[in-house]
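Encoded as structure tokens, the structure appears first; notes follow it.
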Amino acid sequence: MLELADISRTIMGLGVVLLLIVAVLWLVRRFGPHGVVGGKPAGRRLALVESLTIDPRTRLVLVRQDDLEHLLVIASSGGATVVRSSRDAMPTVPPMGRAAEIENAPAGRFP
């Protein structure tokens with residue numbers, strides 16, 4: 001049967017292990033690689049602002065480069081810039097695949 005000394009030693013050991021885990025996590029977050037843990041080191045020009053999954057093969061991504069924001073559509077067939085910054089619209093990219101079929105369909109009819 002476990003005695004009080006054994007139980008207290010186990011609890012103290014668990015406390016020390018938990019304290020070490022917290023200390024290592026703090027050190028990694030403070031001094032670790034910024035690409036893995038987060039944060040923005042000095043000199044970085046690119047940042048991922050937000051990402052939205054549209055379907056399993058397509059994502060909408062907002063990327064900041066210096067003071068400009070770029071809205072990108074990333075698909076398995078390739079990517080295209082949709083909008084650069086909030087004031088500088090890019091030319092329209094012709095639709096491909098299913099989007100082209102819907103856009104070119106007669107009014108009120110979808111293939």
Side-chain angles (χ1 to χ4, degrees):
M1 197 172 213
L2 291 177
E3 293 189 25
L4 185 59
D6 292 334
I7 294 173
S8 63
R9 190 177 353 188
T10 303
I11 291 174
M12 297 249 316
L14 180 62
V16 168
V17 169
L18 289 176
L19 186 63
L20 285 174
I21 290 173
V22 168
V24 167
L25 289 176
W26 179 79
L27 287 172
V28 168
R29 184 147 180 87
R30 177 87 169 107
F31 302 109
H34 294 283
V36 175
V37 183
K40 186 176 179 187
R44 272 238 149 125
R45 296 179 56 206
L46 287 177
L48 178 63
V49 177
E50 193 170 344
S51 176
L52 175 68
T53 301
I54 297 173
D55 62 39
R57 292 183 283 167
T58 309
R59 289 176 53 186
L60 193 60
V61 178
L62 185 60
V63 178
R64 180 175 296 127
Q65 174 206 359
D66 297 328
D67 292 329
L68 296 176
E69 288 186 345
H70 305 276
L71 185 61
L72 307 171
V73 175
I74 300 174
S76 59
S77 61
T81 301
V82 177
V83 175
R84 180 181 300 156
S85 175
S86 59
R87 61 188 179 277
D88 188 13
M90 293 293 291
T92 305
V93 177
M96 297 171 35
R98 177 92 173 127
E101 293 173 13
I102 292 172
E103 187 171 294
N104 296 330
R109 295 183 137 185
F110 297 100

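Within the 4.5 Å cutoff, the side chain of Asp66 has no heavy atoms near those of the Leu68 side chain. By the 4.5 Å heavy-atom criterion applied to side chains, Ile7 and Ile11 are counted as neighbours. Glu50 places none of its side-chain heavy atoms less than 4.5 Å from the side chain of Leu52.
Taking CZ of Arg64 as the start and CD of Glu69 as the end, the distance is 4.5 Å to the nearest 0.5 Å. Distance CZ/Arg45 to CG/Asp67: 10.5 Å, rounded to 0.5 Å. Rounding to the nearest 0.5 Å gives a distance of 7.5 Å between CD1 of Ile21 and CG of Leu25. Distance CG/Leu71 to CG/Leu60: 4.5 Å, rounded to 0.5 Å. To the nearest 0.5 angstrom, Ile54 atom CD1 is 10.0 Å from Ile74 atom CD1.
Between the Thr58 side chain and the Asp55 main chain, no donor and acceptor come within less than 3.5 Å of each other.
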Q. Could you go step by step and tell me if Val49 and Val63 meet the side chain to side chain contact (heavy atoms under 4.5 Å, CB included) rule?
A. CA-CA 5 Å; Val49 177; Val63 178; over 6 Å; no
Q | Candidate pair His70 and Leu62, rule side chain to side chain contact (heavy atoms under 4.5 Å, CB included), full reasoning | A | CA-CA 6 Å; His70 305 276; Leu62 185 60; over 6 Å; no
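Taking Leu27 as the reference, Phe31 meet the side chain to side chain contact (heavy atoms under 4.5 Å, CB included) condition, with sequence neighbours excluded.
For the 3.5 Å distance criterion, the side chains of Arg59 and Thr53 fail to qualify, holding no donor opposite an acceptor.
A chain of hydrophobic side-chain contacts below 4.5 Å, direct or via other Ile, Leu, Val, Met, Phe, Trp or Tyr residues, connects Leu46 to Leu72.
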